[in-house]
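Written below as structure tokens is the structure these notes are about.
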Amino acid sequence: KRIAIFASGSGSNAEKIAQYFADKATVDITLIVSNNPKAGVIERGRRLHIPVLLFDRTTFYDTNRITQILLSQPIDLIVLAGFMWLMPSDLVRAFPHKIINIHPALLPKFGGKGMYGHFVHEAVVAAGETESGITIHYVNEHYDEGQIIYQAHCPVSPTDTPEDVAHNVQILEHLHYPRVVNEVLMNDEL
Ligand SMILES: N[C@@H]1O[C@H](COP(=O)(O)O)[C@@H](O)[C@H]1O
């Protein structure tokens, strides 16, 4: 099976996923795709010997180049890990039920456009939530709306700062995302 990981930022989840599958001969992280020339994931890709493709907005949205490249591999599963752009509709159509994402909160709350990174954790603390967590879901053409595959929870205490919540949520991401990617891949729907 072949996986492509999309990331716009540091890439810590991309690295955890690559490490998880490093000793699994049946699964290959074939590509890392980014839209940010300064993304930390680029250096991680180099270190892990995974080819990295950079896209600008025009090539990503005004051509079907990304869809053609992924179909030509062929990629079995597209894994979003901190990728900030909406998926082009032709890509969503070409990969039905084959694109998943992780969101650092318990959807459907604290999701949608503009709800990413520290903004999410600030909103969770500001709302006085007593718990947060992660949501892994299928991707459609709308932010954070696809069918939920898995959620994990962590408590939020009244003294927690957004940074504390971000730290606890990242522990859940690194613990569960690789395992759930593997389960989705092994799920006989694919
Ligand atoms: N969608 C969100 O973007 C962040 C990516 O972090 P990293 O994998 O680049 O460290 C994670 O918090 C993920 O839930």
Side-chain angles (χ1 to χ4, degrees), residues 3-22 29 31-48 50-55 60 77-87 91-92 99-127 129 131-156 160-184:
I3 296 177
I5 302 177
F6 286 44
S8 304
S10 149
S12 71
N13 280 284
E15 180 148 3
K16 288 290 174 195
I17 293 165
Q19 286 167 348
Y20 181 92
F21 288 107
I29 313 295
L31 267 180
I32 288 175
V33 172
S34 188
N35 59 345
N36 171 11
K38 296 197 182 75
V41 72
I42 297 170
E43 186 44 41
R44 292 182 198 259
R46 248 185 231 130
R47 203 163 20 79
L48 296 161
I50 301 170
V52 177
L53 287 184
L54 261 178
F55 276 83
F60 194 75
L77 185 65
I78 298 170
V79 175
L80 309 188
F83 190 72
M84 306 308 282
W85 287 349
L86 266 182
M87 290 287 109
L91 184 57
V92 173
I99 311 176
I100 65 173
N101 179 46
I102 187 165
H103 184 75
L106 297 171
L107 295 173
K109 291 169 92 173
F110 308 108
K113 192 168 172 46
M115 265 301 175
Y116 59 87
H118 68 88
F119 295 113
V120 175
H121 307 303
E122 279 171 8
V124 165
V125 169
E129 296 288 317
E131 65 168 6
S132 189
I134 61 169
T135 303
I136 298 168
H137 61 94
Y138 286 108
V139 170
N140 59 23
E141 288 156 64
H142 310 287
Y143 280 112
D144 306 327
E145 275 188 17
Q147 176 200 338
I148 293 178
I149 301 166
Y150 182 78
Q151 291 189 305
H153 300 235
C154 60
V156 177
D160 275 346
T161 64
E163 291 68 32
D164 296 328
V165 179
H167 174 75
N168 294 334
V169 166
Q170 192 183 55
I171 291 170
L172 291 179
E173 293 178 347
H174 293 174
L175 183 63
H176 294 291
Y177 205 15
R179 186 180 55 70
V180 172
V181 167
N182 192 40
E183 278 167 26
V184 171

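Along the sequence shown, the residues carry numbers beginning at 1. Start at 1 and go down the list; that is how both ligands and their atoms are numbered.
- Two residues are said to be in side-chain contact when any heavy atoms from C-beta on lie closer than 4.5 Å; M87 and L80 meet this criterion.
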If you look at each N/O of ligand 1, which protein N/O atoms lie under 3.5 Å away, and at what distance?
| from | atom 1 | to | atom 2 | distance (Å) |
| --- | --- | --- | --- | --- |
| ligand 1 | 1 (N) | I102 | O | 3.0 |
| ligand 1 | 8 (O) | S12 | N | 3.3 |
| ligand 1 | 8 (O) | S12 | OG | 3.4 |
| ligand 1 | 8 (O) | N13 | N | 2.9 |
| ligand 1 | 8 (O) | N13 | ND2 | 2.9 |
| ligand 1 | 9 (O) | S10 | N | 3.3 |
| ligand 1 | 9 (O) | G11 | N | 2.7 |
| ligand 1 | 10 (O) | S12 | N | 3.2 |
| ligand 1 | 10 (O) | S12 | OG | 2.5 |
| ligand 1 | 12 (O) | E173 | OE1 | 3.4 |
| ligand 1 | 12 (O) | E173 | OE2 | 2.7 |
| ligand 1 | 14 (O) | E173 | OE2 | 2.6 |

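- F6 meets the ring-ring contact (aromatic ring centres under 6.0 Å, His included) test with F83; sequence neighbours excluded.
- Contact record, H121 with V165: ND1-CG1, 3.7 Å, taken as the closest heavy-atom pair.
- Under the side chain to side chain contact (heavy atoms under 4.5 Å, CB included) rule, C154 has a single partner from N168, D160, L106, I171, which is N168.
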Next item on the list: Please lay out, stage by stage, how R47 and E43 fare under the test salt bridge (Lys or Arg N to Asp or Glu O under 4.0 Å).
Entry: CA-CA 6 Å; R47 203 163 20 79; E43 186 44 41; 5.1 Å; no
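- A donor atom on one side chain and an acceptor atom on the other are found under 3.5 Å apart for N35 and S8.
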